[in-house]
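Read through the structure below, which is laid out as structure tokens, and then see the notes.
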Amino acid sequence: MSFLEVLYFIIPTSIAYAAPLILTAIGGVFSERSGVVNIGLEGLMVMGAFVGIIFNLAYADVFGSWTPWIALLVAMFVSAIFSLMHAVASVSFRADQVVSGVAINMLGIAIALFSVKMMFDKGQTDFIQHKIPRVNIPILQDLPIIGPMFFKSVYGTSVLAITVAIIAWFVIYKTPFGLRLRSVGEHPMAADTMGINVTKVRYTAVIISGGLAGIGGAIYSQTMTGDFGHATINGQGFMALAAMIFGKWHPIGAMGAALFFGFAQTLAISAGSIDIDFIQKIPTVYFHILPYALTILALAGFIGKANAPKANGQPYIKGSR
Amino acid sequence: GTDKDKDKNTSSSTGGNESDFSIAMVTDVGGIDDKSFNQSAWEGIKKFGEDNGLAEGDGGYAYLQSKDDSDYTPNLNALTRRDFNLIFGVGFLMEDAIGTIASQQPDTHYAIIDGVVEQDNVASILFKEQEGAFLAGVAAALMTKEDKIGFIGGMEIPVIERFEAGFVAGVAAVKPDIKVDVKYTGSFDKAELGKAAAGRMYSSGIDIIFHAAGGTGNGVFAEAKERKEADKNANVWVIGVDSDQYDEGQVGDENITLTSMLKRVDVAVQDISKLAQEGKFPGGETKVYGLHDDGVALADSRGAIPQDVLDQIEEYKKKIADGEIEVPETTK
Amino acid sequence: MEYVIEMLNITKKFGNFRANDNITLQLEKGEIHALLGENGAGKSTLMNVLFGLYQPEEGEIRVNGKKVNVTNPNVANDLGIGMVHQHFMLVENLTVTENIILGNEPKKMGVVNIKKAAKDIEEISKLYGLNVDPYAKIEDISVGMQQRVEILKTLYRGADILIFDEPTASLTPQEIHELIAIMKKLITEGKSIILITHKLQEIMDVTDRVTVIRKGQGIGTVITAETNPEELATLMVGRQVTFKTEKIPPNPQGEVLKVENLVVTDNRGIERVKGLNLSVRKGEIVGLAGIDGNGQSELIEAITGLRKTKSGHISINDQNITGMKPRKITEAGLGHIPQDRHKHGLVLEFSVGYNAALQEYYHEPFSKNGVMNYSSISEYAKKIIAEYDVRTQGESEPVRALSGGNQQKLIIGREVSRDPDLLIAALPTRGLDVGAIEFIHKRLIEQRDNGKAVFLISFELDEIMNVSDRIAVIHDGKIVDTVIPAETSEQELGLLMAGHSKSDQASNHIEGNEIGGGHDV
Amino acid sequence: MSNRLINVLVPVVSIILGLLVGALVMLFSGYDPVQGYIALWNGIFGDSYAIGETIRQISPYILAGLAVAFAFRTGLFNIGVEGQLMVGWFAAAYVGYAFELPMYIHLPFALLAAALAGAFWGLIPGLLKATLRVHEVIVTIMMNYIALHVVNALIKTVSDGGFKTEKIQPTASLRSEFLSNLTDYSTLHYGIFVALAMVIVMWFILEKTKTGFELKSVGFNENASQYAGMNVNKNIVLAMLISGAFAGLGGAMEALGTFGNMSSRGGFTGIGFDGIAVALLGANSPLGVIFGASLFGSLKYGANNMPNAANIPLEIVSIVIALIIFFVASGYIIRVGLQRLNKKKEAK
Ligand SMILES: Nc1ncnc2c1ncn2[C@@H]1O[C@H](COP(=O)(O)OP(=O)(O)OP(=O)(O)O)[C@@H](O)[C@H]1O
Ligand SMILES: Nc1ncnc2c1ncn2[C@@H]1O[C@H](COP(=O)(O)OP(=O)(O)OP(=O)(O)O)[C@@H](O)[C@H]1O
Ligand SMILES: [Mg+2]
Ligand SMILES: [Mg+2]
């Protein structure tokens, strides 16, 4: 492939890869900005991926080509409800937020697989007929260079992910809720003395993270696999967690980090097969680890350490200092 | 499923079997519905059970699923204690576990699929994946319009490399100047990587991809189907693996599955079970199933491959079966 | 006489410990009412009860004669009660405006209307003469500024009863000066104020009445005009307290600390110490007077090895310690009472004992070939607790549970017991009651009498004047002059601190006013 | 009610609650909870074999838990135990077969190799944190994937093209005829003693040594520790080293005990991730880790008997396990409840 062709392949693929991570990572941003650590993202994604497929299969003939989109909404809804468990445990029960997260992860996959067994009497669902399509954006797609890079055969969900990132930025930094969210995650007692209901804010944040992770999972299953099984979601939740930290708990940053992962992965996939002799000679393992090594290098290159929200992980207990 | 587990219980408790020969299997982490060799093995077991009027449960036929490699030994042990006459371990990862148990329990018969354990009460079952893959390669080479063909593998382990070797050889046999684009994704469960790899291959003009990558292969199908959806006469094909992956290929009323390379674990399982039942259990032997004994084969292409091509494939099949062509096991 | 606030027979328990034991406090409309008591006497607790952070076990609260039930800060806000907390309740990484409007933000179409908020805040701050930059981040502004933000928070919510919990503890004289002006202004605007402070002079200057509590119990309320600092001190401590700590004249020997042309930059790379020269001798206390932010922190951090020096030399006992690791410097004979006790002085989660050994744990008898000897540590801790009268359940109690006053005594005990040749004491009495202050001053002088060198950094001019034998005045990263307490006045110091050399003393009248607000620029 | 009593009561009550909810799940999905739990019980304690296997399963959990806990005590979140464990596994397996030495040298050597490998894998994030303040969570996550692929590649190389390493020499094995016979052919091995020894080691380091004092101090308050002349960066690196070493030994359990070699892995072992829960359930204390590991290990292993003996699908079993973990995690609310009761009593 020519260099441009490589770009025309790498860029859209990276974005497609990143979309689910972006949404999930931003979910994490909401949760942790409110002071609730959320390593349950993986489990929430699983739930979303599962619900997305199930709904898609069940209602394909009702909603036709709209099915995958409505499936995203349903997945969002269900995962949001599922995330309530994490909220109750870590906000109301003052459970250790990390353990609660681990439990969410175990529970998510277990419930999903069990339901699959019950419904299909086998280990994975059937294949959906209405996957999330790729579209060519009129006019823009004809632009030289950036046309094929960004506007030819793109997923609507990639656009959605980027839009959500921008909205999230707006909500967190421009609206009263965002202001309260940030204050609760930094100094809940101060927020409390200002008459803010810390518990309510944290619940909301966790539920939002559940919803976004749900969409993320549903996007993944409806673009990448087309069915749901035990291995559909494995590790994406943790990559999203990494993206969130990499992005310094900032929605746009998280998006950037996710895109970077996508880029690194795609690069590794393509690099291996460039028909240059010495590249062909490189053992494949180096290409397998390339994305992760790149990420570490990128981090090392970043000056200034990422500061987690001060109250992250600590349950708020009135009257204690 | 209240009723479902009722009949399970009844069947498991009361044997009521005509024959007093019972068989069971331990899956690897895949489970009996992994659309791959675990499933195929279980189908073989069920078939054998039904043919011999066995019921599922003790004294009939049964399986145990493993969550993790460390469950193999306990699971094999549990089935041994439930007095099954013949116990299959599915997957090369179970070699060691079978070895251990077999030496502890000399009176029970075991069989290992995809692996070799040299002990008198263990039968080892291997497959000549390369032979089936060779045919897949022939099919690809004859069907490609672009003279560009791809192979997407999971992890770089001997089994998968046999697929690659056979496939590449098959292609070369027909069109020596085609260089198969080979990509290992390093995992069996990363659909996004399979999809990206396939995307790259199709973009570079490749029109047929053979995958031996389990769940990662889902991504290959996803990519092909998307391209087909985007434009009906896109010329993209996938060759499935292990079981018939025709369903995966369905796009509206089109289908992008060219064919699938079947690995008939079920055949082998029934074969060994029969022998054991007749008291001819091949303990200590290693049985290798190939084209010759239908251990591997190509699935029905449902018309995707025209008759004349099928005929040529058939010729190669004969040559291999008769040993005229010796298919290599490794690319080196 | 009408009371805006009446707290009647309030009792607040923590576990079985009575932090407030049947205390009564009545606040008249338009008065400034002082609440006085030792560290840990129960002042903050009482105020937190009024503000709805704690629920009292007994007693009732009346606002304008009406019985109220202050279940949480919201209720307090609605009742027009605002509180400036002892430990600021500010979100560090938010802006001034964001902190102030938090909780009732002005909106425009669902979006926070920062512009409007900032305008309102500027108006209020004009009205009361609290000038702040509404767009500055909290973490970037001085403590004095932060305090104003706290005040603005209450005013923005239209509070007319204000509680100040130790507002002056962490302020420089100029800032205090302004705060007092502000409080007076508030009163003329019809507000009523409860003021907690350990500085009796302030009480005499601004308050109308004083309520004294001791060990959680109400001692009584006196009219300021009819009392005097000595009486107040006696009331709260329960014994006579001497203010002017008497001391024998110093006889300084050879130099211990020697700083030559020192240049130090802050984290942003800006020079804060600009070629500074300084020396502290055996048997003398040198006080460093200066306005906050003139390089004091950087100077100390450089001496203690916590910050790299850009150029220049530092030596202790003629041993060059420039660029050495903190521990090496400590071993060279340095003791350090850090400015921020919670951040730098203590590991709050550790027990009193562990903290007592925090500087010494690594050598015998506290540890031997890598193995700790905790019994000897608790022995040592017991000794310090006794000697320095640290009020605690015991050496195994977490330091977090000590009052700041006692936390401070612990640090001083730890550092002084090491008997260092040079003791650096940064704001050692911040937030402490007169009893504790007296105690600590005695200790510092003791050190000096034992022929040690003491370097005292403080914003309290009277402390500097009282305790030091020589006063070095720092301005803009340089020592502008060194004076003898007996031969100078707070006036003169003030001028020097503001950057005027002796020469232009003449025009001190105009300068006089300038000192007031001069320091924020 | 004494505090000690409460401390005991909390986990017990939590586990009971978890089991109850689990029972409901089984009921609603049409399975018999009584049967199920009997199967679970027998799966864990049923006979000597079960007990043997359960203990065998617990050993790596203890070490994984210690690894996570140790890092936490120094204020570091080591999600990389998974990767450190895998490199340890490989190192032990390699040394186990590649050398011919007398047992008293070979076995310790193999264990050491595992510890060192794990330590090295922990060192990298440690250094990055100390020198460049790179967040350890990301680096350790990435290191997990790198470990997975690197180990697989190494296995391929040392087994020239194969998929698993040779079996270790008996001189490097933790397996024991004695234990195996004692538990009627279970794979129980001496690893459990290694694990318990490490529990003591961790306790000793944290509670008795100067290093432990520094590590804890840095974990609580970096600034104050620095003021007190401690070398914060050194301690961060050290903490990750030790944490990694524990994880590496966890891998040795698999290499020298359970499996006797290492095969290419399609994915993670999961032990490392479970180690996070193990550590936190045990409040990051050495003894607590034993509790957490026992809970995890027994449930994980015993659960296998539920499909075997009661036809209950594994998926439900995992649901039940997850619920138990969940309730144990939420134990705080129970504690609060019990203590409230307490206070009331005292008040009267
Ligand atoms: N949250 C709490 N939990 C337990 N004990 C507390 C708590 N808050 C205060 N106390 C106890 O109540 C006593 C009074 O505390 P309070 O804050 O009222 O002291 P204070 O008068 O404000 O001291 P200072 O002058 O140092 O601020 C303290 O000695 C402390 O032991
Ligand atoms: N969680 C707690 N448990 C026990 N006592 C506490 C707790 N939080 C605060 N206290 C006590 O409450 C009292 C008031 O706390 P505070 O920090 O106001 O003391 P302080 O002397 O005013 O501190 P500072 O000198 O830093 O202002 C102190 O005695 C402190 O020990
Ligand atoms: Mg106070
Ligand atoms: Mg105080």
Side-chain angles (χ1 to χ4, degrees), chain A residues 37 39 43 85 88-90 92-118 231 234-235 238-239 241-246 248 257 283-289 291-296 299-306 308 315, chain D residues 25 29 68 72 77 79 124-125 128-129 131-135 137-139 141-150 152-154 156-157 266-268 273-274 276-281 283 292 313-336:
Chain A
V37 171
I39 71 169
M85 282 191 76
V88 174
S90 38
S92 303
F93 291 179
R94 296 177 195 170
D96 181 295
Q97 299 175 2
V98 174
V99 182
S100 163
V102 173
I104 290 285
N105 289 338
M106 296 171 70
L107 206 52
I109 188 70
I111 293 176
L113 283 182
F114 178 61
S115 319
V116 170
K117 257 250 164 51
M118 289 287 129
N234 57 347
F238 287 95
M239 288 306 272
L241 191 75
M244 172 195 74
I245 300 170
F246 195 166
K248 301 190 170 180
T284 45
V285 58
Y286 290 101
F287 295 109
H288 295 331
I289 66 174
Y292 312 107
L294 274 182
T295 307
I296 294 178
L299 278 164
F302 270 67
I303 37 255
K305 68 168 193 263
Chain D
V25 175
S29 41
V68 178
F72 265 128
F77 187 5
I79 302 195
I124 296 169
L128 285 169
K129 171 91 174 188
T131 56
L132 300 167
R133 289 275 168 263
V134 180
H135 201 296
V137 166
I138 318 181
V139 181
I141 290 179
M142 300 300 148
M143 292 298 288
N144 285 340
Y145 288 98
I146 297 180
L148 179 61
H149 291 296
V150 167
N152 281 339
L154 288 173
K156 194 174 163 67
T157 335
F268 296 126
F273 294 116
D274 295 344
I276 298 169
V278 167
L280 291 163
L281 290 176
L314 275 175
E315 291 77 10
I316 291 200
V317 176
S318 340
I319 294 181
V320 175
I321 296 180
L323 286 171
I324 293 178
I325 302 304
F326 194 82
F327 277 94
V328 178
S330 308
Y332 190 92
I333 195 71
I334 298 164
R335 175 178 302 275
V336 170

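Chain identifiers are assigned alphabetically (A, B, ...) following the order of the sequence lines, protein sequences preceding nucleic acid strands; residue numbering begins at 1 within each chain.
With hydrogens and angles ignored, the 3.5 Å screen pairs a side-chain donor or acceptor of A:Q97 with a backbone N or O of A:V37.
In this structure, the portion of A:N234 lying under 4.5 Å from any heavy atom of chain D is its backbone and not its side chain. If you measure heavy-atom distances from D:I316 to chain A, the contacts under 4.5 Å come from both the backbone and the side chain. The parts of A:M85 that come within reach of chain D are both its backbone and its side chain, each placing non-hydrogen atoms under 4.5 angstrom from that chain. With a 4.5 Å cut-off on non-hydrogen atoms, D:I79 touches chain A through its side chain but not through its backbone. Contact of D:F268 with chain A is not made at all, since no heavy-atom distance falls under 4.5 Å. Heavy-atom distances place the side chain of A:L241, and not its backbone, under 4.5 Å from chain D. Residue contact with chain A, scored on non-hydrogen atoms closer than 4.5 Å, is absent for D:V25. Both the backbone and the side chain of D:I146 come within contact range of chain A, judged by heavy atoms closer than 4.5 Å.
Within the structure, salt bridge (charged side-chain N to carboxylate O under 4.0 Å, His left out) contacts touching residues 319-328 of chain D (residues at least two apart or in different chains) do not occur.
Contact record, A:G43 with A:N105: N-OD1, 2.7 Å, taken as the closest heavy-atom pair. Across every non-hydrogen atom of D:Y145 and A:G235, the tightest pair is OH-CA, 3.4 Å.
Put simply, the side chain of D:L281 reaches to within 4.5 Å of the side chain of A:V99, judged on heavy atoms.
Interface check for chain D: of the options A:I109, A:V102, A:D96, the most heavy-atom pairs under 4.5 Å are formed by A:D96. For the set D:I319, D:I325, D:I324, the count of heavy-atom pairs under 4.5 angstrom toward chain A peaks at D:I319.
Looking at residues two or more places apart in sequence or on another chain, you find a side-chain contact (heavy atoms from CB on, under 4.5 Å) between A:T284 and A:H288, B:E156.
In this structure, CD1 in A:I296 is found 10.5 Å from CD1 in D:I141, a value given to the nearest 0.5 Å.
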